[in-house]
Student: 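The structure is given below, and queries will be raised subsequently.
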Amino acid sequence: QVRLVESGGGLVQAGGSLRLSCAASGRTFRTYAMGWFRQAPGKEREFVVAISRSRAITYYADSVKGRFTISADNAENTVYLQMNGLKPEDTAVYYCAAPSGSVSSTTESAYDSWGQGTQVTVSS
């Protein structure tokens, strides 16, 4: 498994930006894909974005496409989530995750390593 630690959450006004970071350790970073999920109060955890092991392919939920960008720095063992144009409905706890295999996925069950989560709150 992989140890994941998120940071960068906070309170921001609608239309603002935040950048989340997820530092990984415990397995060679460049050998596995990464994903971000989020869970809003009273709702199930949902897929946000994933990046392939090669870092060349990304998958975005329709709700964040065009506003969020995932990237990875293999030298720093860190994946980032740049969030622009934030909306109140983006308010949630954001989790980074690594899959048990090497292939990226939009499905929560494919991931077996999770961070502790970081709170993002967007005020209207």
Student: In Å, rounded to the nearest 0.5 Å, how long is the span from OG1 of Thr78 to CG of Leu20?
Tutor: 12.5 Å
Student: Would a single hydrophobic cluster contain both Phe68 and Phe47, if residues Ile, Leu, Val, Met, Phe, Trp and Tyr are joined by side-chain heavy-atom contacts under 4.5 Å?
Tutor: no
Student: For Gln13, is the CD atom crowded, meaning more than 12 foreign heavy atoms sit under 6.0 Å from it?
Tutor: no
Student: State plainly whether one hydrophobic cluster holds both Val2 and Tyr95, where clusters connect Ile, Leu, Val, Met, Phe, Trp and Tyr through side-chain heavy atoms under 4.5 angstrom apart.
Tutor: no
Student: With rounding to the nearest 0.5 angstrom, report the SG to CD distance, Cys96 to Gln116.
Tutor: 7.5 Å
Student: Considering only heavy atoms from C-beta outward, does the side chain of Ser105 approach that of Pro99 to under 4.5 Å?
Tutor: no
Student: Between Asp62 and Lys65, is there a side-chain N and carboxylate O pair less than 4.0 Å apart?
Tutor: yes
Student: Can you tell me which residue among Gln82, Met83, Lys87 is in a side chain to side chain contact (heavy atoms under 4.5 Å, CB included) with Arg67?
Tutor: Lys87
Student: Side chain to side chain contact (heavy atoms under 4.5 Å, CB included) between Tyr59 and Val49: does it pass, once the steps are laid out?
Tutor: CA-CA 5 Å; Tyr59 307 88; Val49 60; 5.9 Å; no
Student: Looking only at heavy atoms, what is the nearest atom pair of Gln39 and Lys43, with distance?
Tutor: NE2-O, 3.1 Å
Student: After noting the C-alpha distance and the side-chain angles of Ser17 and Asn84, does the key distance pass the side chain to side chain donor-acceptor pair (under 3.5 Å) rule?
Tutor: CA-CA 4 Å; Ser17 298; Asn84 299 328; 2.9 Å; yes
Student: Around Arg3, counting heavy atoms of other residues, nucleotides and ligands shown, do more than 12 lie under 6.0 Å from its CZ?
Tutor: no
Student: Is any side-chain heavy atom of Met34 less than 4.5 Å from a side-chain heavy atom of Leu4?
Tutor: yes
Student: Which distance, rounded to the nearest 0.5 Å, do you find between the CD1 of Ile57 and the OG of Ser104?
Tutor: 6.5 Å
Student: Among Thr118, Val64, Leu81, which residue meets the side chain to side chain contact (heavy atoms under 4.5 Å, CB included) test with Arg38?
Tutor: Val64
Student: Any heavy-atom pair between the side chains of Tyr60 and Ile70 that's under 4.5 Å?
Tutor: yes
Student: Could you walk me through whether Cys22 and Trp36 satisfy the side chain to side chain contact (heavy atoms under 4.5 Å, CB included) test, starting with their C-alpha distance in whole Å, then the side-chain angles of each, then the deciding distance to 0.1 Å, before giving a yes or no?
Tutor: CA-CA 9 Å; Cys22 174; Trp36 285 94; 3.7 Å; yes
Student: Tell me the closest heavy-atom pair linking Val93 and Gly117, and the distance in Å.
Tutor: CG1-CA, 3.8 Å
Student: Could you check whether any side-chain heavy atom of Arg27 comes within less than 4.5 Å of a side-chain heavy atom of Tyr32, counting everything from C-beta outward?
Tutor: yes
Student: Please walk me through it: do Trp114 and Glu6 pass side chain to side chain contact (heavy atoms under 4.5 Å, CB included)?
Tutor: CA-CA 10 Å; Trp114 294 84; Glu6 302 100 333; over 6 Å; no
Student: State whether a side-chain donor-acceptor pair under 3.5 Å links Ser54 with Ser52.
Tutor: yes
Student: Does the ring-ring contact (aromatic ring centres under 6.0 Å, His included) test come out yes or no for Phe37 and Tyr111, once each step is laid out?
Tutor: CA-CA 10 Å; Phe37 290 75; Tyr111 294 80; 5.1 Å; yes
Student: Are the side chains of Thr91 and Val120 in contact, using a 4.5 Å heavy-atom criterion?
Tutor: no
Student: Please tell me if the side chains of Thr69 and Tyr80 come closer than 4.5 Å, counting only heavy atoms from C-beta onward.
Tutor: no
